[in-house]
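Working notes for the structure below.
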Amino acid sequence: MAKANYLCLSLLILLLLKCSHSHSHPFNILLPSDSLSSSSCPTHNPNLYYRPLIGILTHPGDGASGRLTNATDVSYIAASYVKFVESAGARVIPLLYNEPQDTLLKKLDMVNGVIFTGGWSKKGLYYDTVQTVYKKVLEKNDGGDYFPLYAISLGFELISIIISEDSNILDDFTSSKQPINLYLTQNAISDGAMFQRFPPDLLKKVTTDCLVLQNNRYGLSPEGLLNNEKLSSFFEILTTSKDANNKKNAFEWGTKNVPHTEDAVRLTQSAANFLVSEARKSSTRPDSQDVLDNLIYNYIPTYCGKAGKGYDQVYLFTQS
Ligand SMILES: *[C@@H]1O[C@H](CO)[C@@H](O)[C@H](O)[C@H]1NC(C)=O
């Protein structure tokens, strides 16, 4: 006991010494009136847009297996995608997959990036709309603008099919709600790549710890990509996993396997930060009234996670 006290005391003295030592340095707290320059706020980069908007394409159905509605014209966005965008400093404009094309294109000209979500729909109007939006995104980028597209899970499958022009490009994988680690390629941390911006300790952990939830039936194998000229000239592989990989989610609680550790949450935030940092480079500066009229805040999400399956919250949209 006495020894412990002694240790504490010596620690205290050490701390005091450190304090008095730093006193000799010019390390004083400046009062507002003392400040050297009139403002210490960093100047904004005029090339970046600090009010970025992300369009999220709705998916057919209610996202709750008919528990909320069976209406045929209903579509949904899981609220977790909206929170994902908000966590990185952007706002969401929903793009209804079944709204008139000129309305959809008008909204597309209001946003600074797009997300294709997970889901199951691979044909019909949904597929056609994904293709329309994808082509528009490509047009914007080819025209010299900056316009990121995040294609997650089903979204990634669909753009793989569209780019490869091969509906059989996907292989069967058996991965269901399984936390996994990733295998990063050399390209993963190359200039401009998503993982380059990840905190170094987190980058290391994604390769060793199971921070990512994958829940995919289909995936794209490295061979499948490399053997398809159209895909291999378009994509760079940044990461692979033992099965196809999926974004884990800090905002979903229904599935027990969703990793919710601090590192897993940081991974979600880092992925969101990358998307939004890319969106800030887009030159789109929409009319502010148009934005207010179309923001996701015009809709109210519904809690559907009590049933213990599926998404926790969804936004529903009807197109009449
Ligand atoms: C939707 O249809 C299913 C199957 O017929 C039914 O069990 C469910 O109650 C319906 N949902 C609603 C909200 O009516």
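Just so you know, ligand 1 is whichever comes first in the structure, and atom 1 is the first atom listed for that ligand.
Using modelled atom types and a 3.5 Å distance limit, the side chains of Thr318 and Asp73 yield no donor-acceptor pair.
Closer than 4.0 Å to atom 10 (C) of ligand 1 lies at least one heavy atom of the protein. In this structure, atom 7 (O) of ligand 1 has no protein heavy-atom contact shorter than 4.0 Å.
Less than 6.0 angstrom separates the ring centroid of His44 from the ring centroid of Tyr50.
At the top of the distance list for atom 14 (O) of ligand 1, counting protein heavy atoms only, stands Asn70 ND2, 3.7 Å.
With respect to the salt-bridge test (charged N to carboxylate O, under 4.0 angstrom), the residues Glu86 and Lys83 do not qualify. Checked for salt-bridge contact, Asp293 and Lys107 miss the test: no charged N lies under 4.0 Å from a carboxylate O.
In the vicinity of Arg67, heavy-atom distances shorter than 4.0 Å reach the ligand 1 atoms 13 (C). Atoms of ligand 1 found under 4.0 Å from any heavy atom of Leu68, numbered from 1 in the order shown, are 13 (C).
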ask   = Please walk me through it: do Tyr299 and Phe317 pass ring pair (Phe, Tyr, Trp, His ring centres under 6.0 Å)?
value = CA-CA 8 Å; Tyr299 304 86; Phe317 306 89; 4.7 Å; yes

